[in-house]
J.: 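Below: one structure in structure tokens.
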2 protein chains.
Amino acid sequence: MRTARRGEPMATTTAAQRRSAARAGYDAYLAECPARQLLERIGDKWVSLVVNALADGPRRYSDLRRRLAGVSEKMLTQTLRNLERDGLLTRTVTASVPARVDYALTPLGAGLLPLLRAIKDWAEEHMPEVLAHREAHDGARAD
Amino acid sequence: MRTARRGEPMATTTAAQRRSAARAGYDAYLAECPARQLLERIGDKWVSLVVNALADGPRRYSDLRRRLAGVSEKMLTQTLRNLERDGLLTRTVTASVPARVDYALTPLGAGLLPLLRAIKDWAEEHMPEVLAHREAHDGARAD
DNA sequence: CTGTATCCCCAACGATACTG
DNA sequence: CAGTATCGTTGGGGATACAG
């Protein structure tokens, strides 16, 4: 993107382009915002559940799959890999027959528990009110 | 879904079907889990930003659009409507010329601020470590 | 047992144009 | 000023089959 060199009017390239630039900049800012990065992690559908499932100790893969009855293998593996990649849990392979893999929270991952707890507490205390609003709102215009 | 009444072997319809049933049940459970409902709300890309933008008082639509430089009109409106629907903010129309609309947090919505603050604090304290892990992990296998 | 590989769908998000 | 309408892209997430 080059600035207009000549002193020409150039009525175009103003509003829309400025918008685009602002967007790009803001997006870059958002991509670096720690809070948003965290929300993207824990917002993943299975992350909070996996972390909670590991709260009281290591679990095997099949163990997790049973406890999180709704998860597909693909998503469970993907979630675990992402969390491992971020240093939130460890993956330990025991090369026996049959193979055995244990997952456990790291201290960093365990540090997430109080935060998840806070989220859960807020949710249990206030979500009913939120849902009541939602239904009232929908009901009023369902007609 | 009926349980197998007879003591018959019925090799088919077992594993896969049981899986499906478990999934459906678990999904239903998740749909009702307050913590997940909350995560779905605040996980929306613009929700936390909008709530924060309203932290210190009401704002007009165009005001919000300026402060959240990256948001499209569609997403801003959609986010605001969702939050209004959930009783987290109010929408006040002043029928003047030109039209004017103010958005403000309700007490319920303001109650979200401490939680968002907690998320932000955790993120600022620990996300650098998470990102360091991530890069180390990626770098190790980037070859 | 612990995954990987593949295909597919859909909802989120964005871009653009138009309206009261 | 404050939206609505419409279209297109993208990636999250699930189903299924296969592999070490």
Side-chain angles (χ1 to χ4, degrees), chain A residues 12 15-28 30-31 36 39-50 58-84 91-103, chain B residues 12 15-28 30-31 36 39-50 58-82 84 89 91-103:
Chain A
T12 42
Q17 289 212 346
R18 284 257 263 288
R19 268 347 207 21
S20 285
R23 297 244 160 106
Y26 201 75
D27 280 0
L30 281 186
R36 274 236 51 84
L39 278 171
E40 303 228 327
R41 245 311 134 261
I42 66 180
D44 279 3
K45 186 167 178 182
W46 301 104
V47 165
S48 59
L49 296 158
V50 166
R59 298 261 172 207
R60 298 183 54 179
Y61 182 85
S62 52
D63 204 354
L64 289 170
R65 192 170 51 175
R66 260 190 306 277
R67 285 168 68 95
L68 283 63
V71 72
S72 66
E73 278 142 21
K74 176 189 163 189
M75 291 315 298
L76 179 55
T77 300
Q78 187 174 301
T79 302
L80 290 167
R81 288 286 144 77
N82 281 337
L83 293 175
E84 184 197 10
R91 178 171 178 269
T92 309
V93 181
T94 306
S96 57
V97 174
R100 168 189 182 130
V101 182
D102 287 270
Y103 293 91
Chain B
T12 40
Q17 290 212 348
R18 285 257 264 288
R19 265 351 204 20
S20 285
R23 298 247 160 104
Y26 200 75
D27 280 0
L30 281 186
R36 274 235 48 87
L39 278 171
E40 304 229 327
R41 241 318 128 257
I42 65 180
D44 278 4
K45 186 168 179 181
W46 302 103
V47 166
S48 59
L49 296 158
V50 166
R59 298 260 170 207
R60 300 181 54 175
Y61 181 85
S62 51
D63 204 353
L64 289 171
R65 191 170 52 173
R66 260 190 305 278
R67 287 168 66 95
L68 284 63
V71 72
S72 67
E73 278 142 20
K74 176 189 164 189
M75 290 315 298
L76 179 55
T77 299
Q78 187 175 302
T79 302
L80 290 166
R81 289 281 146 73
N82 281 336
E84 184 197 10
L89 57 76
R91 176 171 180 270
T92 310
V93 181
T94 306
S96 56
V97 175
R100 169 188 182 131
V101 182
D102 288 88
Y103 293 91

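In this text the structure is predicted, and so the values were computed from the model without any measurement. Per chain, numbering begins at 1; letters A, B, ... match sequence-line order.
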J.: Ignoring hydrogens and geometry, is there a side-chain-to-backbone donor-acceptor pair from R67(A) to L49(A) under 3.5 Å?
T.: no
J.: Provide, to the nearest angstrom, the distance between the CG atom belonging to L76(A) and the P atom belonging to dG13(D).
T.: 13 Å
J.: Between R81(A) and dG3(C), does any side-chain N or O lie under 4.0 Å from OP1 or OP2?
T.: yes
J.: dG12(D) P sits how many Å from E40(A) CD, rounded?
T.: 9 Å
J.: Does Y103(A) have a side-chain nitrogen or oxygen under 4.0 Å from the phosphate oxygens OP1 or OP2 of dG3(C)?
T.: yes
J.: Within the side chain of R36(A), is there an N or O that forms a donor-acceptor pair under 3.5 Å with the backbone of K45(B)?
T.: yes
J.: Let me know the distance between CG of D102(A) and P of dG3(C), rounded to the nearest Å.
T.: 10 Å
J.: Check nucleotides 18-20 of chain D for protein N or O atoms closer than 3.5 Å to its own N or O atoms and list the pairs.
T.:
none

J.: So, is Y61(B) close to the dT4(D) phosphate, meaning a side-chain N or O under 4.0 Å from OP1 or OP2?
T.: no
J.: Using side-chain contact (heavy atoms from CB on, under 4.5 Å) as the criterion, point out the one residue from L76(B), V50(B), L64(B), T79(B) that pairs with V71(B).
T.: L76(B)
J.: Given atom CG of L64(A) and atom C1' of dC1(C), what is their separation to the nearest angstrom?
T.: 13 Å
J.: For R91(B), check side-chain hydrogen bond (donor to acceptor under 3.5 Å, both in side chains) against everything at least two apart and list the hits.
T.: Y103(B)
J.: Extract from the structure each pairing of a protein N or O with an N or O of nucleotides 12-15 of chain C at less than 3.5 Å, listing the distance.
T.:
unit_1: dC13(C); atom_1: OP1; unit_2: K45(B); atom_2: N; d: 3.3
unit_1: dC13(C); atom_1: N4; unit_2: K74(B); atom_2: NZ; d: 3.1
unit_1: dG14(C); atom_1: OP1; unit_2: K45(B); atom_2: NZ; d: 2.8
unit_1: dG14(C); atom_1: OP2; unit_2: W46(B); atom_2: NE1; d: 3.0
unit_1: dG14(C); atom_1: N7; unit_2: K74(B); atom_2: NZ; d: 3.3
unit_1: dG14(C); atom_1: O6; unit_2: K74(B); atom_2: NZ; d: 2.3
unit_1: dA15(C); atom_1: OP2; unit_2: R23(A); atom_2: NH1; d: 3.1

J.: Separation of R65(B) atom CZ from dT4(D) atom P, in whole Å?
T.: 13 Å
J.: V101(A) side chain: which of dT2(C), dC1(D), dT4(C) is closest?
T.: dT2(C)
J.: From N82(B) CG over to Q78(B) CD, what is the distance, rounded to the nearest 0.5 angstrom?
T.: 6.0 Å
J.: Applying side-chain hydrogen bond (donor to acceptor under 3.5 Å, both in side chains), can you list everything that pairs with S62(A), at least two apart in sequence or on another chain?
T.: none
J.: Could you give the angle between the helix axes at the two ends of the helix from dC1(C)-dG20(D) to dG20(C)-dC1(D), with five pairs per end, rounded to 10 degrees?
T.: 40°
J.: Can you give me the closest heavy-atom contact between P98(B) and S96(B), atom names plus distance?
T.: O-OG, 2.9 Å
J.: Are Y61(B) and T77(B) side-chain neighbours, meaning at least one heavy-atom pair lies under 4.5 Å?
T.: yes
J.: Check side-chain hydrogen bond (donor to acceptor under 3.5 Å, both in side chains) between T92(A) and all other residues, then give those that pass, not counting sequence neighbours.
T.: none
J.: Should W46(B) and L80(B) be marked as a side chain to side chain contact (heavy atoms under 4.5 Å, CB included) after you check the CA-CA gap, both sets of side-chain angles, and the distance that decides it?
T.: CA-CA 9 Å; W46(B) 302 103; L80(B) 290 166; over 6 Å; no
J.: R91(B) side chain: which of dT2(C), dG3(C), dG3(D) is closest?
T.: dG3(D)
J.: Counting heavy atoms from C-beta on, name the nucleotide in dG3(D), dC1(D), dC1(C) closest to the side chain of S62(B).
T.: dC1(D)
J.: State which residue, out of R60(B), R59(B), R65(B), fulfils the salt bridge (Lys or Arg N to Asp or Glu O under 4.0 Å) condition with D63(B).
T.: R59(B)
